[in-house]
Amino acid sequence: MIVAKENETKEMFYKNLQLLPLWLRESVLQINERELWEKVQIRYNDEGYPICRYYEGSRNFQITSVEPLQEAAKWCKTLSIQGTGAIFMYGSGFGYPLFEVFTQKQPHTLVVLFEQNIYLFAAMLHYFDVEPIIRTQKIAFLIGDIQHFAKAFDHLFFSIVFANCTSPTLAFTSMAQRNFKAQYLKIHQYIFSQLGLFVFYIGNDHLDNLIGLHNLLANMKEIVLNPYISCLKDKYKDVPAFIIANGPSLDKNIHQLKKIQDKGLIISTESAIIPLMKHHIKPDILTIIERTKYTYTYHFENIEYPEDITLLCLGLVDKQVYPSFPGEKIPIFRNMEAINQWINKHVGDGSALDAGANVSHLALELAVYLGANPIIFVGQDYAYGPEGITHSKDAIYLQEKGKRARDVLESKPIVYVESNDGTMIPSNQLWVDFRKGLEGKIASHSHKIMINATEGGAKIKGTKCDQLAHVIEAYCTKSIPYPVHELIVDHKKRLSIMERKEGLISFIKSVEEYASLFRSLSREAVKGKLTCREMIRFSQDKDSGKYRNVLEETYQKHIKTYQLFIGNDLYRCFSQQVIFVYFYLMNRLGLIDTSEKITEIFEIQHSFFHHLNIVCQSVSIYLEDAIEPLEKLLEELEYMETKG
């Protein structure tokens with residue numbers, strides 16, 4: 001540990017500053033220096049180590065004891081850090097606990113430092129040389145309050161280093177517990193709530209990813225022969241948009257929707273379309289997020305829709321959906337999702353929506369993209385109705401046809417949530433997660449007026465409650481500028497077949513390249529399996545000590561090999577579930593300090609490579625099978641181009 005003397009603090013600060021990530025460096029530089037040293041006061045003890053006291057208004061806190069090294073060592077002994085993949089450290093303790101952790105931990109262990117007080121962090125940079133810690137590349141700084149580090153945390157989660165964090169050791173420093181316990185508990189609760197949502201969004205099913213890929217490839221004709229969603233951007237500025245979900249409370253006010261007529265946009269989520277049609281309410285837009293075959297079975301099979309309803313849904317919906325819909329349609333690319341981004345790069349124009357995990361999330365993003373304001377939620381219960389009802393009475397889900405969907409909901413344990421009237425009402429964790437996702441999106445669009453006209457159900461943060469009749473009277477005062485389907489027809493007339501053909505040619509080439517690349521990854525996985533078998537044999541040898549170096553080198557080589565499988569976003573999209581599962585199993589094993597554990601770690605790695613091989617083989621087969629249909633579509637475009 002290198003400590004700056006009083007006349008060296010400025011030099012130390014600027015040296016450390018250059019090592020920080022850009023977002024954090026900019027944040028530290030924004031601190032008013034006079035204010036910093038009013039809040040943080042430092043003196044040196046007899047041994048020459050800085051002692052910190054923090055002032056906040058009339059209160060002050062002793063951040064370090066007069067014997068900071070001894071205090072840090074004593075605290076660190078209470079932690080179980082041997083063999084752990086990651087340490088979530090709450091509070092830097094003005095640096096001493098941080099340096100002690102790096103002295104005691106194993107080289108591979110990642111430390112994620114949460115320091116809620118940026119003034120203390122900035123002061124620490126003046127007094128300690130943090131370069132030795134940063135150079136290990138095993139430190140992640142998440143500094144400031146939750147809003148300040150949220151984006152950095154999201155970025156960390158979607159990087160390879162976070163695979164080490166599947167079974168972290170929690171370390172609250174003495175300073176954090178003594179002086180700022182409430183603040184750090186709030187951060188802790190947020191982090192694990194976000195981790196739950198991240199895992200929820202990633203999913204745990206490789207087949208689900210393959211279905212999405214299959215559907216997007218199968219829907220390529222719809223993608224190249226229809227306008228992009230960008231043709232509708234801000235076309236309905238300050239027009240009220242009513243997002244209709246299919247909660248049980250929809251029955252209370254569905255009849256009011258007829259009063260909207262053409263004075264607002266009605267956006268129907270997938271399962272709300274049947275109740276709306278039964279009440280002779282024609283939405284402007286139908287939107288869908290699900291990729292399974294049940295979307296078609298429930299809401300399109302043998303159902304006639306008017307031609308002036310527009311279908312704006314993800315391009316990954318079941319391949320039967322688009323051909324069965326008679327009206328105008330636009331396949332939407334999902335933003336920040338690897339498969340969609342890859343296809344969009346070649347046959348799209350870059351426009352995409354952050355669809356979220358629930359169809360109401362997509363509907364909200366769509367309303368915002370169109371420029372709508374206010375945005376009104378109707379039938380958005382996220383809770384059970386009287387007698388445990390899950391949907392409106394006309395929903396497919398309450399019929400025999402929807403038994404499968406009902407069974408899924410009935411399998412969920414009941415949780416209780418706050419209602420719009422302040423009482424506690426029954427819900428389930430799936431709906432709670434969906435609601436939290438919607439609340440996050442609402443918070444990110446704070447410039448929009450969000451109204452909950454559900455008249456029942458769970459409270460949705462960021463919305464104000466009002467009766468649907470009042471909202472319609474207040475906001476539906478003039479006609480919308482033009483029907484959605486007419487806008488699309490107009491843009492469809494101007495569509496360039498030549499440009500779409502060129503994009504498709506580029507995409508076919510990329511499909512061929514990725515099919516080959518996934519085959520190469522598959523071969524790497526097979527090689528890894530074979531090596532693991534050999535290492536298992538070495539570890540079980542009665543004289544296994546002579547293989548110690550080769551076992552350690554092979555283990556570390558495999559850890560690096562796994563990074564190949566998330567070498568780019570498309571690789572990661574398909575392998576991330578396997579990566580997280582097997583890093584969790586390896587991290588849970590802890591310190592590899594016996595021959596039995598050496599055998600076990602290579603057995604885990606063998607299974608790891610086995611499943612990576614399955615993933616890569618399946619993706620390469622899907623891509624290889626897609627080439628012929630794509631080439632036939634190219635022939636169609638060439639024919640259309642010659643016909644003019």
Is there a donor in the side chain of Tyr96 and an acceptor in the side chain of Thr64, or the other way round, less than 3.5 Å apart?
-> no
Any donor-acceptor pair under 3.5 Å linking the side chain of Thr84 with the backbone of Ile81?
-> no
What pairs meet the salt bridge (Lys or Arg N to Asp or Glu O under 4.0 Å) rule with one or both residues in residues 529-551, with sequence neighbours excluded?
-> none
Under 4.5 Å between any side-chain heavy atoms of Ile289 and Cys313, yes or no?
-> no
Pair Glu553 + Lys560: basic N to acidic O under 4.0 Å | no
When you check the gap from the basic side-chain N to the acidic O, do Asp354 and Arg334 get nearer than 4.0 Å?
-> no
Below 4.0 angstrom, N of the basic side chain to O of the carboxylate: do Lys15 and Asp129 qualify?
-> yes
Less than 4.5 Å apart, any side-chain heavy atom of Ser607 and any of Glu603?
-> no
Would you list the pairs meeting salt bridge (Lys or Arg N to Asp or Glu O under 4.0 Å) in which at least one residue belongs to residues 608-629, sequence neighbours left out?
-> Arg519-Glu624, Glu628-Lys632
Walk me through it: do Met89 and Thr173 pass the test side chain to side chain contact (heavy atoms under 4.5 Å, CB included)?
-> CA-CA 7 Å; Met89 185 171 173; Thr173 59; 3.7 Å; yes
Between Arg291 and Asp318, is there a donor-acceptor pair closer than 3.5 Å when you use the side chain of the first and the backbone of the second?
-> no
Do Gln104 and Glu100 get their side chains close enough for a donor-acceptor pair, meaning under 3.5 Å?
-> yes
Between Tyr127 and Phe13, does the ring centroid distance fall short of 6.0 Å?
-> no
Donor + acceptor pair across side chains of Glu115, Ser92 (<3.5 Å) | yes
Side chains of Ser522 and Asn613: is there a donor and an acceptor less than 3.5 Å apart?
-> yes
How are the rings of Phe583 and Phe608 set relative to one another: parallel (under 30°), tilted (30 to 60°) or perpendicular (over 60°)?
-> perpendicular
Please assess Val432 against Val415 for the test side chain to side chain contact (heavy atoms under 4.5 Å, CB included), listing each intermediate value before the final yes or no.
-> CA-CA 9 Å; Val432 169; Val415 297; 3.8 Å; yes
Can you establish whether the number of heavy atoms outside Lys105 located under 6.0 Å from its atom NZ is more than 12?
-> yes
Look at atom CD of Glu67 and say whether more than 12 heavy atoms of other residues, nucleotides or ligands are closer to it than 6.0 Å.
-> no
Indicate yes or no for a side-chain donor-acceptor contact from Thr169 to the backbone of Ile87 under 3.5 Å, with no hydrogens or angles considered.
-> no
Would you please say whether a donor-acceptor pair under 3.5 Å links the side chains of Tyr514 and Asn568?
-> yes
Can a salt bridge be assigned to the pair Glu439 and Lys436 using a cut-off of 4.0 Å between side-chain N and carboxylate O?
-> no
Would you mind reporting whether Met12 and His126 have side-chain heavy atoms less than 4.5 Å apart?
-> no
With no hydrogens and no angle check, is any side-chain donor or acceptor of Thr109 less than 3.5 Å from a backbone partner on Ala86?
-> no
Side chain to side chain contact (heavy atoms under 4.5 Å, CB included) evaluation trace for Gln540 with Ile598 = CA-CA 9 Å; Gln540 293 173 335; Ile598 293 173; over 6 Å; no
Taking C-beta and beyond as the side chain, do Phe518 and Glu513 meet within less than 4.5 Å on heavy atoms?
-> no
Measure the acute angle between the ring planes of Phe172 and Tyr90, then classify it against the limits of 30° and 60° as parallel, tilted or perpendicular.
-> parallel
Considering only heavy atoms from C-beta outward, does the side chain of Met220 approach that of Leu216 to under 4.5 Å?
-> no
Scan side-chain atoms only and decide if Tyr382 and Asn358 contain a donor-acceptor pair under the 3.5 Å cut-off.
-> yes
Ring centre gap for Trp23 and Phe149 strictly below 6.0 Å | no
I would like to know whether Phe602 and Phe538 meet side chain to side chain contact (heavy atoms under 4.5 Å, CB included); could you show each step before the answer?
-> CA-CA 10 Å; Phe602 281 109; Phe538 287 169; over 6 Å; no
Test salt bridge (Lys or Arg N to Asp or Glu O under 4.0 Å) applied to Lys527 and Glu524, step by step = CA-CA 5 Å; Lys527 284 165 53 180; Glu524 284 291 334; 3.5 Å; yes
Hey, what's the ring geometry for Trp342 with His346, parallel, tilted or perpendicular (30° and 60° as the breaks)?
-> perpendicular
What about the rings of Phe609 and His558, do their centers lie closer together than 6.0 Å?
-> yes
Val28 side chain reached by Leu17 side chain, heavy atoms, under 4.5 Å = yes
Ring centroid separation for Phe141 and Phe114, is it under 6.0 angstrom?
-> no
Hey, can you tell me if Phe180 and Tyr184 have their rings parallel, tilted or perpendicular (30° and 60° cut-offs)?
-> perpendicular
Is it true that a side-chain atom of Asn335 and a backbone atom of Ala352 form a donor plus acceptor pair closer than 3.5 Å?
-> no
Does the side chain of Ile211 come within less than 4.5 Å of Tyr622's, by heavy atoms?
-> no
Among all residues two or more places apart in sequence or in another chain, which pass the side-chain contact (heavy atoms from CB on, under 4.5 Å) test with Ser516?
-> none
Side chains of Glu337 and Asp569 in contact at under 4.5 Å (non-hydrogen atoms) | no
